[in-house]
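A quick write-up on the structure given underneath.
By convention in this document, chain letters (A, B, ...) are assigned in the order of the sequence lines, proteins followed by strands, and residues within each chain are numbered from 1. For the numbers below, each heavy atom of this structure counts, side chains included, while hydrogens, waters and symmetry mates do not.
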Amino acid sequence: MKDKMLEVSAIENGTVIDHIPPKAFFKVIAILGLEKLDIQMTLGTNLDSKKIGKKAIVKLSDIFFPDKDVNKIALVAPQAKLNIIKNYNVVEKRVVEIPDDIVGIVKCMNPKCITNSEKIITKFKVVSKNEVKLKCLYCEKITDQDNMQVI
Amino acid sequence: MKNKSLVSITDFSKSDYLRILELAEDYERKPVQDLLTGKVVATLFFEPSTRTRLSFESAVNKMGGRVIGFTDASSSSVTKGETLYDTIKIVCNYCDLIVMRHPLEGSARFASEISSVPIINAGDGANQHPTQTLLDLYSIKKTQGKLDNLTIFMVGDLKYGRTVHSLLMAMSQFNPTFHFISPDELKMPEEYKIFLRTLGIKYYEHKDFTDIITEADIIYMTRVQKERFSDPIEYERTKNAYVLKNKMLNNTKENLRVLHPLPRVNEIDQDVDINPKAYYFTQALNGVYIRQAIISSILGLN
């Protein structure tokens with residue numbers, strides 16, 4: 001049964017994002033804009049993982065993301081691993097890294113920030129990466145990991 | 001600095017500040033200068049602020065410019081549901097410079113991104129009010145003859161008071177020693193203390209407003225606001241514990257000056273007003289000179 005499942009989900013060419021924490025699963029989907037892509041994809045969550053207990057995985061055929069796009073998921077899934085697949089083989093393994101600037105993914109947690117009342121693309125400077133802290137370039141307030149809401 | 005918006009105190013460098021302070025001295029010597037003839041400055045006050053607006057308008061008038069604008073949101077198209085984006089996009093067609101005060105934080109930065117003319121932030125919520133900070137710097141320099149190595153006491157609401165936070169950031173470039181006097185509920189936020197520690201600047205925190213002020217070169221008083229307290233009894237008790245009275249100034253330094261961003265309620269007793277060390281009303285006058293200097297720097301008139 002296990003083998004059969006793997007067979008179904010194996011891809012010929014594309015990107016596999018593994019070790020996504022299940023609670024970050026839908027945020028990763030949103031950040032990568034997967035709902036807008038018309039490619040073959042296999043999504044799974046709450047799968048058993050030796051490393052993190054339960055995990056989610058995303059397998060995307062025939063798509064390779066630039067670093068700057070895929071690094072955005074580090075905000076919600078810093079331990080995620082990327083496998084680049086070519087001809088059914090893993091040709092490259094990558095880790096995601098939090099970028100220095102975040103544009104348009106996160107909502108500023110300050111209810112009095114102008115970005116929460118006008119149509120504005122949010123902009124943040126990442127001031128801490130270990131425990132993620134984002135400084136809003138508009139209101140200058142910090143949005144921390146616990147209060148981070150993906151738009 | 002020409003054509004650059006002034007949104008946050010960190011937008012300008014130390015040399016920019018010093019240049020504006022020098023320019024303000026020129027305006028103090030000669031306040032009436034016809035530099036703004038034919039220029040229009042818009043003052044958009046989405047929330048009222050009498051002193052700030054009047055000092056800007058006075059500054060423009062003294063330089064021969066004209067002022068258009070509104071004094072609170074109820075007399076603007078905001079009541080019809082217009083966005084800030086649209087208001088700025090339209091008003092920037094009508095003027096050479098926009099001075100704005102808005103209750104939402106980050107509004108001035110946003111306006112500076114979409115406006116075709118420079119923006120001066122006259123206060124965006126609890127965030128920034130850079131022209132206040134510059135007039136505070138000017139008042140300190142004028143009364144002390146220098147900005148370096150001063151001992152500055154900040155008293156009252158140090159948690160929410162944006163003026164003390166901006167002044168702390170600006171003065172930190174001049175090797176000060178800070179003393180913070182406040183109730184526990186209104187202590188200086190940790191982020192500013194971390195900032196001072198990384199720069200190696202000395203600061204001391206006190207709960208009681210006592211004779212330690214004898215060390216002060218500057219006492220910067222702030223208003224303890226009622227809405228910061230959930231318990232009204234606690235507010236009454238706190239409010240009365242941080243009041244400066246004339247007799248408290250008895251053994252203080254000769255060069256000491258008392259500053260306050262105003263409006264005051266009761267935190268400086270009226271009996272202090274006659275003391276030559278009381279400087280807050282002159283401080284408000286300095287606001288006109290500093291705003292003349294800021295406007296002319298941004299419009300490149302000097």
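Cation-pi geometry between A/Lys55 and A/Phe25 is not met at under 6.0 angstrom from the ring centre and within 45 degrees of the axis.
A/Ile142 does not touch chain B: none of its heavy atoms, backbone or side chain, sits under 4.5 Å away.
Using a cut-off of 4.0 Å between Lys/Arg side-chain N and Asp/Glu carboxylate O, A/Arg94 and A/Asp67 are scored as salt-bridged.
Considering CG of A/Leu75 and NZ of A/Lys72, their distance stands at 10.0 Å, rounded to 0.5 Å.
The side-chain heavy atoms of A/Leu82 and A/Val16, taken from C-beta on, include no pair separated by under 4.5 Å.
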Between chain A and chain B, which N/O donor-acceptor pairs sit under 3.5 Å?
from	atom 1	to	atom 2	distance (Å)
A/Asn110	ND2	B/Glu105	OE1	2.6
A/Lys112	O	B/Glu105	N	2.8
A/Lys112	NZ	B/Pro103	O	3.4
A/Ile114	N	B/Glu105	O	2.8
A/Glu118	OE1	B/Leu84	N	3.3
A/Glu118	OE1	B/Tyr85	N	3.1
A/Glu118	OE2	B/Leu84	N	2.4
A/Lys123	NZ	B/Glu113	OE2	2.9
A/Tyr138	OH	B/Glu113	OE1	2.5
A/Tyr138	OH	B/Glu113	OE2	3.2
A/Glu140	OE1	B/Gln128	NE2	3.2
A/Glu140	OE2	B/Ser8	OG	3.3

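At least one donor-acceptor pair closer than 3.5 Å links the side chain of A/Asn71 to the backbone N or O of A/Glu97. In this structure a side-chain-to-backbone donor-acceptor pair under 3.5 Å is missing from A/Lys93 to A/Asn83.
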